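Each chain gets a letter, A, B and so on, in the order its sequence line appears, and its residues count up from 1. What you see is a predicted model, and the numbers here were worked out from it, not measured in a lab.
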Amino acid sequence: MYAEFALPDAARRVYSELCCPDVVAQTAMVGALAGSGEVNLARDLFDGMPQRDPIAWNAMIAGYSQVGRSKEALELFSLMQVEGVRVGEATIVSVLTACAHLGALAQGKWVHGYIQKNKIRITVTLGTALIDMYSKCGDMRRAMEVFWSMGEKNVYTWSSAMSGLAMNGAGKECLELFELMKQEHVQPNWVTFISVLRGCSVAGLVDKGREYFDSMRDEYGIEPWYEHYGCIIDLYGRAGRLDDAVNFINAMPIKPHVGAWGALLNACRIYKNIKLGEFATRKILELESKNDGAYVLLSNIYADSRNWKGVSSVRESMKAEGVSKEPGCSVIELGGKVHEFFVGDRSHPRYKEIELMLGEMSRRLRLAGYVARTNEVLFDIEEEEKEDALCWHSEKLAIAFGLIALGEGVTIRIVKNLRVCLDCHDATKFISKVFEREIVVRDRNRFHHFKDGACSCMDYW
DNA sequence: CTAGGGTTAG
């Protein structure tokens, strides 16, 4: 209850007046602390509890899960098993949420196996969590297997599957599912429509997207909100209809937010529109002066047109505002262990082999006709250095490691914290062909499935 | 009277 209202002080006050808090009160307090961001305090209280039942364990695991400290959530889960605590549905759901967040497919599969082995009934909630986990790990085949096997489905279940399909580039399938959902008389809500509109966007169905958008209010009585406006701007932007996107923003009945201008800015990057890109960036910075993503996108637009003056002015502004680019980080899961790579990272124990593989990649890609896209390197450096800088992007390191360490033909799965850069996207397409390897990259907000030299995003992301 | 505390879709 206190967690919901985010009143840690009030909760703490009430709690401190209890003469002898029992398991229930302590569990509630663990939840309240975790829910208000005080996860470490929650953990201290949890560790000091004289008895901990499964609900208490779950409160703590959910606490970690909700603030994105997913690794700790999984660690606590394994500790829970070591101590022989009975694992219930809620805990499994929290653990699946953590796996989804990390993109940890192997761990998620293990949990699914655990469910089957222990004959835990797949309820609507649990099934939905499984679908979400597989979707966010880029395994839509398994996500849909779970979906179709479920007897009872609610709006969360449908929305989750639709979101997964849209996120993984299967826009048409997403919309088919929506039609089926309507046939089954499940009422869509505002979250469902985010997936519907994203589905239209990735499928390039502009008019249909516009129809669905209008139907929200007309047929379902759902008022479109920021996210929906953002989707339509993305829809127009992806189709290259930048004027329509601008007109749409100008006609918004609510004040355009960072996401609205961000969608426009991204379209400007793809369609190389400097003037509009500068305008969108100004709008974003008016709302959020330290938005590093906007600076990086604008810099990319300048660099793409070899406008080095523009590039260095962006660098100056960033310095003046005290903004720095979030460092890129790519993660690859291998044998249940997560390997992290940062830009130019030489700290991996198998670094020597990785370096050799990077050399081989470079040679074989060049033979296949790959030319480094040096345009998007953030700052103006010499051409040769640039090519070198690109080689060290975190996803290339992770892919090189995957090629070395994973068995022949095993899909390489990468999770990245930022957007994929143009050069890495290009290079990965080549790698998928030259090395005959499927590569799945989850970036900040979507998936790229690379196969035979092509990507599921159709080169728009 | 013996509950109450934990979980899913953007």
Can you name the nearest heavy-atom pair linking Arg419(A) to Trp461(A), along with the distance?
NH1-O, 3.6 Å

With heavy atoms under 4.0 Å as the rule, sort Val23(A) into base, sugar-phosphate or nothing.
base

Would you indicate whether the side-chain heavy atoms of Tyr114(A) and Gln81(A) approach each other to under 4.5 Å?
yes

Side-chain atoms of Ala28(A) come closest, of dG10(B), dG6(B), dG5(B), to dG5(B)

Reckon Trp190(A) touches a base, only the sugar-phosphate, or nothing at all at heavy-atom distances under 4.0 Å?
base

Using a strict 4.0 Å threshold on nitrogen-to-oxygen distance, state whether Glu326(A) and Arg444(A) make a salt bridge.
yes

Roughly, in whole Å, what's the span from CD in Glu152(A) to C1' in dT8(B)?
13 Å

Quick one: is Gln66(A) getting a side-chain N or O under 4.0 Å of the dG6(B) phosphate, OP1 or OP2?
no

Calculate the interatomic distance between Trp158(A) atom CH2 and dG10(B) atom C1'; express it in whole Å.
19 Å

Starting from C1' on dA9(B), measure out to CE on Met150(A) and report it in whole angstrom.
11 Å

Which residues pass the side chain to side chain donor-acceptor pair (under 3.5 Å) test with Asp47(A), not counting sequence neighbours?
Arg43(A)

Among dA9(B), dG5(B), dT8(B), the one nearest Ile55(A) by side-chain distance:
dG5(B)

Where the side chain of Val24(A) is concerned, which of dG4(B), dA9(B), dG10(B) is the nearest nucleotide?
dG4(B)

Given dT7(B), dG4(B), dG6(B), identify the nucleotide with an atom nearest to the side chain of Asp22(A).
dG4(B)

Side chain of Ser159(A): nearest nucleotide among dG10(B), dG5(B), dA9(B)?
dA9(B)

Please determine, by modelled atom types, if Thr157(A) and Thr128(A) share a side-chain donor-acceptor pair under 3.5 angstrom.
yes

Return no unless some side-chain N or O of Ser160(A) is found under 4.0 Å from OP1 or OP2 of dT8(B).
no

Roughly, in whole Å, what's the span from CE in Met60(A) to P in dT7(B)?
12 Å

Using a distance-only criterion (donor-acceptor N/O pair, under 3.5 Å, no hydrogens), is the base of dG5(B) paired with the side chain of Asp53(A)?
yes

Checking contacts here: which listed nucleotide (dT8(B), dT7(B), dG10(B)) is nearest the side-chain heavy atoms of Tyr156(A)?
dT8(B)

Integer-rounded Å distance: dG10(B) C1' and Leu165(A) CG:
15 Å

Donor-acceptor pair present, Asn154(A) side chain and dA9(B) base, under 3.5 Å
no

Choosing from dG4(B), dG6(B), dT8(B), which nucleotide comes nearest the side chain of Asn58(A)?
dG6(B)

Rounded to the nearest angstrom, tell me the gap between atom CZ in Phe46(A) and atom P in dG6(B).
15 Å

Rounded to the nearest angstrom, tell me the gap between atom CZ in Phe147(A) and atom P in dT8(B).
19 Å

Glu333(A)/Arg413(A) salt bridge by N-O under 4.0 Å criterion:
no

Which nucleotide, dG10(B), dA9(B), dG6(B), lies nearest any side-chain atom of Arg198(A)?
dG10(B)

Does a side-chain N or O of Lys136(A) approach OP1 or OP2 of dT8(B) to a distance below 4.0 Å, or not?
no

Spacing between Phe193(A) atom CZ and dA9(B) atom C1', to the nearest angstrom:
15 Å

